[in-house]
Amino acid sequence: LNKAGYYAHTDENFEGVMFRRTTKPLSAAGGLFSEAKKLFRPLGVDIREQAMEIHFHGVGGTSKHKKGGNLKFTHLEHEKDAEGNHQGLQYSFVGFDELTHFSLGQFLYLIGRMRSSAEGNSFCLATTNPDRNSWVYNWVSWYLKDGIFDETKLGKIRYFLIVNDEPVFADTAEDLAELYPDLCYQWNDVEKEEVYIPPLTFCFIGGTIWDNPALIKANPKYLAALKAQTEVNRRRLLDGDWEAQPEGSSYIQSGWFHKLDTRPLGGVEFRAWD
């Protein structure tokens, strides 16, 4: 919110959109739209409740003579909503709250809407909790060590291309251009020249509640509430463990069995499980 609000306050051409998968969490207590209203009111804004939009007066601007941009808060409840509601639109900023709730297709389509007349480059930001079974895991796994984020890797920029609908990452743009020249170079038939198309960049910044001392101070019981979660949720929400996941109670686990080095003497009893 802070980064998007800064640009919306300083650039009249800034157009930002922030998503939750469904509408209700946007305006509920602690939701994106609810918190944004409290955060940005002191800057001078016009709030459109029904449309869930915040229009910034901007530096030296007023309600009648705006010099700022705007932020819109909306949903992507259905898979088709990404293209159906945003085809042809352009955004300076695209934000996702709890990225694991969205599909990879929705995420990539909205990245394709990042173009605008704002001063800076369009950008995307997303928040997420750990979920080992989500497509997001493939994007963050390089930054992890035993499921927990590796401090030595956080914030390092990686380059990526989408190959067969899956991300392929590399440390440099040159590495990807060498491996996938067909995706990094394209012939411009108008200018009669080959154009280099640089890969997009991505980085992951992990954090836990300990990185937010203001939250702990304002809500001292929240830490206790996280401690009171089930073991899996405690590892996910408190420790930031991406490998934490419940074991299916109805499934056989390989750890229950021990392989014998030699065949036992005498009679052998066999049992089978499905």
Side-chain angles (χ1 to χ4, degrees), residues 1-21 23 26 32-33 35-37 39-41 43-77 79-99 102-128 139 157-162 167 173 183-184 186 188 190-191 195-205:
L1 281 176
N2 283 333
K3 185 171 183 178
Y6 170 80
Y7 287 106
H9 180 61
T10 57
D11 186 348
E12 63 182 344
N13 293 317
F14 187 86
E15 300 274 350
V17 60
M18 304 187 76
F19 295 99
R20 280 295 302 239
R21 188 63 193 250
T23 302
L26 289 170
L32 275 177
F33 186 53
E35 292 300 303
K37 290 187 291 183
L39 183 64
F40 297 137
R41 272 196 179 101
L43 294 177
V45 295
D46 292 335
I47 297 173
R48 301 182 180 181
E49 293 283 352
Q50 187 170 357
M52 283 198 284
E53 295 178 355
I54 299 178
H55 294 248
F56 290 72
H57 298 171
V59 180
T62 65
S63 183
K64 292 185 178 181
H65 302 284
K66 294 183 180 62
K67 295 184 179 181
N70 64 74
L71 293 176
K72 180 175 180 60
F73 300 79
T74 187
H75 69 89
L76 290 174
E77 182 171 358
E79 183 70 22
K80 63 182 180 180
D81 289 341
E83 183 172 356
N85 297 341
H86 301 275
Q87 186 177 35
L89 302 185
Q90 57 183 28
Y91 298 114
S92 316
F93 162 70
V94 175
F96 295 91
D97 189 19
E98 194 50 64
L99 186 59
F102 300 86
S103 70
L104 175 61
Q106 290 175 324
F107 174 68
L108 294 178
Y109 189 84
L110 266 300
I111 284 181
R113 303 302 93 205
M114 294 196 309
R115 61 184 191 274
S116 76
S117 56
E119 294 179 3
N121 293 328
S122 296
F123 61 96
C124 174
L125 293 174
T127 64
T128 185
W139 291 69
I157 294 176
R158 307 203 76 203
Y159 296 82
F160 74 92
L161 294 171
I162 301 300
L183 294 178
C184 293
Q186 186 158 342
N188 183 340
V190 176
E191 300 293 337
V195 178
Y196 171 62
I197 306 171
L200 293 175
T201 58
F202 165 83
C203 80
F204 171 68
I205 302 175

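All values below come from the heavy atoms of this structure, side chains included, with hydrogens, waters and symmetry mates left out.
Summarising the geometry of L43 relative to H9, their closest heavy-atom pair is O-CE1, 3.9 Å, with the distance given to 0.1 Å. Here the closest heavy-atom approach between residue R21 and residue H75 is recorded as O-CB, 3.6 Å. The two residues C184 and L161 have their closest heavy-atom pair at SG-CD1, 3.8 Å. Between H57 and T62, the shortest heavy-atom distance links the atoms CG-C, 3.7 Å. Annotation for W139 and F202: closest pair O-CE2, 3.2 Å, computed over non-hydrogen atoms.
The shortest distance between side-chain heavy atoms of L76 and L110 falls below 4.5 Å. V45 is not listed as a side-chain neighbour of H55, based on a closest heavy-atom distance of 4.5 Å or more. Between R113 and V17 the shortest side-chain heavy-atom distance does not fall below 4.5 Å. Using a 4.5 Å cut-off on side-chain heavy atoms (C-beta onward), L26 and M18 make no contact. In this structure, the side chains of E119 and T10 stay at 4.5 Å or more apart for every pair of heavy atoms. Side-chain atoms of I197 and L183, non-hydrogen and from C-beta on, never get closer than 4.5 Å to each other.
The side-chain hydrogen bond (donor to acceptor under 3.5 Å, both in side chains) search around E12 returns none, not counting sequence neighbours. In this structure R158 satisfies the salt bridge (Lys or Arg N to Asp or Glu O under 4.0 Å) test together with D171, sequence neighbours excluded. Partners of K80 under the side-chain hydrogen bond (donor to acceptor under 3.5 Å, both in side chains) rule, at least two apart in sequence or in another chain, do not exist in this structure. For the ring-ring contact (aromatic ring centres under 6.0 Å, His included) test, residues two or more places apart in sequence or in another chain that qualify with F96 are F19, F102, F107.
Annotation: salt bridge (charged side-chain N to carboxylate O under 4.0 Å, His left out) contacts involving residues 65-77, sequence neighbours excluded, comprise D46-K66, E53-K72. Screening residues 87-99 for side chain to side chain donor-acceptor pair (under 3.5 Å), with sequence neighbours left out, gives R20-D97, H86-Y91, S92-S116, D97-T127, E98-T100, E98-T128, E98-N129.
The environment of E79 atom CD is dense: over 12 non-hydrogen atoms of other residues, nucleotides or ligands sit within 6.0 angstrom. Atom CD1 of I205 is surrounded by 12 or fewer heavy atoms from other residues, nucleotides or ligands within 6.0 Å. Surrounding CZ of R115 are more than 12 heavy atoms belonging to other residues, nucleotides or ligands, all under 6.0 Å away. Heavy-atom contacts from other residues, nucleotides or ligands closer than 6.0 Å to CG of N188 number more than 12. Under a cut-off of 6.0 angstrom, the local environment of CD in E35 is crowded, with over 12 non-hydrogen atoms contributed by other residues, nucleotides or ligands.
Taking the six-membered ring for Trp and thresholds of 30 and 60 degrees, F93 and F14 have nearly parallel ring planes, at less than 30 degrees apart.
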